[in-house]
A.B. asks: 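Quick one: the structure is below, questions incoming.
All of these numbers come straight from a predicted model, not from anything done at the bench. All chains are named by letter (A, B, ...) in the order of the sequence lines, taking the proteins before the strands, and each is independently numbered beginning at 1.
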Amino acid sequence: MKLTGSKILLESFVKEGVDTIFGYPGGTVINIYDDLMDYPIKHILTRHEQAAVHAADGYARATGKVGVAIATSGPGATNTITGIATAYMDSIPLVVITGQVPTPLIGNDAFQEADIIGITRPITKHNYLVKDVKDLALTIKKAFFIARTGRPGPVVIDLPKDVQLASTNYEYPDKVELRGYKPTYSGNARMVEKATKMILAAKRPVIYVGGGASLTDAHQELLELAEKINAPVTTTLMGMASFPKTHRLSLGMLGMHGTYYANMAVTNADVLIALGARFDDRVTGKIATFAPHAKIIHVDIDPTSIKKNVRVDLPIVGDLKDVLRKIVKSLDGVQDEVNEMVAGLQAWHEEITGWRKDQPMTYKTSAQEIKPQFVIEKLRELSNDDAIITTEVGQHQMWTAQFFDFLKPRTFLSSGGLGTMGFGLPAALGAQAAFPNRQVIDVSGDGSFQMNSQELATLVQYRLPVKIVILNNNFLGMVRQWQQLFFDKRYSQTCLELPIDFTKLAEAYGATGLRATKPEEVADVIKTAFATDGPVIMEFKISREENVMPMVPAGAGLNEMVLAS
Amino acid sequence: MRHTISVLVENEFGVLTRVAGLFSGRGFNIESLSVAPTLDPTISRMTIVTSGDDQILEQINKQLNKLIDTIKVIDFTGEDYVEREMALIKVTAEDDTRAEILRICDIFRGKVVDVTPKCYTVEVTGSPAKVSAIVDLLRPMGIKELVRTGPVVLGRGPKAWKAG
Ligand SMILES: Cc1ncc(C[n+]2csc(CCOP(=O)(O)OP(=O)(O)O)c2C)c(N)n1
């Protein structure tokens, strides 16, 4: 079958099982958009290419499938950069298609030409410029394969206009072999054996879970291990929803804005079982005082993550789900020893309970002002257990992580690695496109919301009923907090002087706007929002100078937390 | 510590930038880098001389392996290997230095590959230390221009890397 490059692309999408793509048209992708009308692929027209990539990312995080975005050359392509970098930092599988000027013009500073391969090289898992239509089908196959396997990540395919127009015989390959790319999935048996021994010898074990648990859907295996050895579990922001926060063994999040008891547990642990986590500096604080007494077992599919920041006593390279199964199986074989070990953890659990009682995750309530933490708690109370929560970046993100009890995997989508303001709304859009019948909620600050607020139009147009919570403090709150604590309250450029009427903004787009200014209005606003069809903005005027506490100051150790004043 | 690493890569568009970008992006040193296709024209072989402590070298090895286009990474540190570098040295040749240049050249088994009334271009091959030694000896005569290829290496003995 002879097909044009443009049709080969769409045909291959269908073969890859792609049902929804996010994008924005332009001159160098106009042929693809023309052909798109004849294909059974739903295209969602965002209002910005950055949002298209975040939406594909949200779709991928919520479903586990590869997200697909498309943009035109030049400015369209450069607008995708923040989206690609965000996905790269959090290991999210994406295929991003960019149009490119015709091959004879490449390098000539042609109209809307940008060297997107050069620009995206350090923020993609891999990228391809396709110069010959004969290579296109195989390249697409490789791109999806690379994006979803091993440590997932975004792959860019730059597709010049003449290649889209040229024709060739089309056959989509069944398999792909890359001689330089063979991820290790199966955990080494000898290492698993050693890990088992190390775990059985533990008196003060802690399980530390990162984004790898959700990327491999290993929540069940994680629960089994934790319960089997009765070890407390702390997660990173990315690991958040992989372990039910209400579980008796849950310590919540660790790190800069983690719980006091999680940080104390890690500091005093004798065996730290790190699962699909990468010891980010926001998690470890000062390396020298991070888990100083612990033997560290580190399971990760990416060998470069191991021993990058911290010493590791026992590395296991492999797929987390596979390794967890093997560890649990190996423990099954020595149930007596497991029982003995668990019996020895009494003192450890008592110590942790002490820290919990000493410094619970709490806040000062108020009858006059709306406390942001209160809004988050109410939101949890009034939403479904399988509601998908996205966030932007700032205080509201940390309050969500601290006070929302996530119970189910893939229900918390947040930009952890890059920390991208403007991520949450388009990510919610993507998640809602994947799950039209689930509650999808973007928790936002008033600053972040304005970074991609144009996507309200997309939500309304495609009837995507995302509910948006704006915790409005009229500040770039997180930066203001740092200025308060570390810059003597010199609030340089963090007060968003102009108050915005977000309810009117919602209405301008044809969405619904609700507002609460007093604590007693909070629950009603949330209930009304959930009872309303279509997208809703819930604006909460919160206590303006509330801080995210407790906190490990930058550069300090996890044991040096500043506690709520 | 100095390490000499051979990297077999797909001979594809942009692969050199990927490797060079990896080193610059992560703050690793490159002392020299040479690259050319192998017997199999779809594979190129890079020889990279770098330095760093054990932890950095471990990261360099892992990061190189992580590149999709990388087929094999071989760190020759601690191995038995042959290391050779070539240099072309353009040196001022006056009446009173010509003979000395030729003598030095001879000792190092170099060749004069270009001659003008006032200038010789010397070609020399050897270990980087040997190349540095001849450079030092010729320096007093007045080196006008110098180019070194950076070393290339092969392990000693019959064992060979199949893909290379
Ligand atoms: C794109 C981008 N620019 C700047 C920052 C730095 N930054 C981190 S948090 C923050 C303030 C966010 O303000 P807002 O969205 O209102 O949330 P709040 O902290 O008030 O809850 C800023 C500017 C960022 N993370 N991302």
A.B. asks: Counting only heavy atoms closer than 4.5 Å, note whether Thr70(B) contacts chain A via side chain, backbone, both or neither.
C.D. replies: backbone

A.B. asks: What part of Ser24(B) is in contact with chain A, defined as an atom under 4.5 angstrom from a non-hydrogen atom: side chain, backbone, both or neither?
C.D. replies: neither

A.B. asks: Does Lys295(A), at its NZ atom, have more than 12 non-hydrogen atoms belonging to other residues, nucleotides or ligands within less than 6.0 Å?
C.D. replies: no

A.B. asks: Name the region of Asp302(A), side chain, backbone, both or neither, that has any atom closer than 4.5 Å to a heavy atom of chain B.
C.D. replies: side chain

A.B. asks: Report the distance from atom CG of Asp75(B) to atom OG of Ser6(B), rounding to the nearest 0.5 Å.
C.D. replies: 9.5 Å

A.B. asks: Short question: side chain of Glu100(B), backbone of Met141(B) - any donor-acceptor pair under 3.5 Å?
C.D. replies: no

A.B. asks: So which of Asn65(B), Val9(B), Thr42(B) has the biggest tally of heavy-atom pairs under 4.5 Å with chain A?
C.D. replies: Thr42(B)

A.B. asks: Under a 4.5 Å heavy-atom cut-off, does chain B meet the side chain of Pro303(A), its backbone, both or neither?
C.D. replies: both

A.B. asks: Do the two ring centres, one from Tyr208(A) and one from Phe279(A), sit under 6.0 Å apart?
C.D. replies: yes

A.B. asks: Go through the atoms of Leu22(B) and report whether side chain, backbone, both or neither lie under 4.5 Å from a heavy atom of chain A.
C.D. replies: neither

A.B. asks: Taking the side chain as every heavy atom from C-beta outward, state whether Phe28(B) and Gln59(B) have any pair of such atoms under 4.5 Å apart.
C.D. replies: yes

A.B. asks: Rounded to the nearest 0.5 Å, how far does CZ of Arg278(A) lie from CE of Met89(A)?
C.D. replies: 5.0 Å

A.B. asks: Of the listed residues (Lys66(B), Gln63(B), Arg18(B)), which shares the most heavy-atom pairs with chain A below a 4.5 Å separation?
C.D. replies: Arg18(B)

A.B. asks: With chain A as the partner, which of Thr17(B), Leu67(B), Asn61(B) has the greatest number of non-hydrogen pairs under 4.5 Å?
C.D. replies: Thr17(B)

A.B. asks: Does atom CG of Asp54(B) have more than 12 heavy-atom neighbours from other groups under 6.0 Å away?
C.D. replies: no

A.B. asks: Which atoms of Lys182(A) are under 4.5 Å from chain B, going by heavy atoms: the side chain, the backbone, both sets, or neither?
C.D. replies: neither

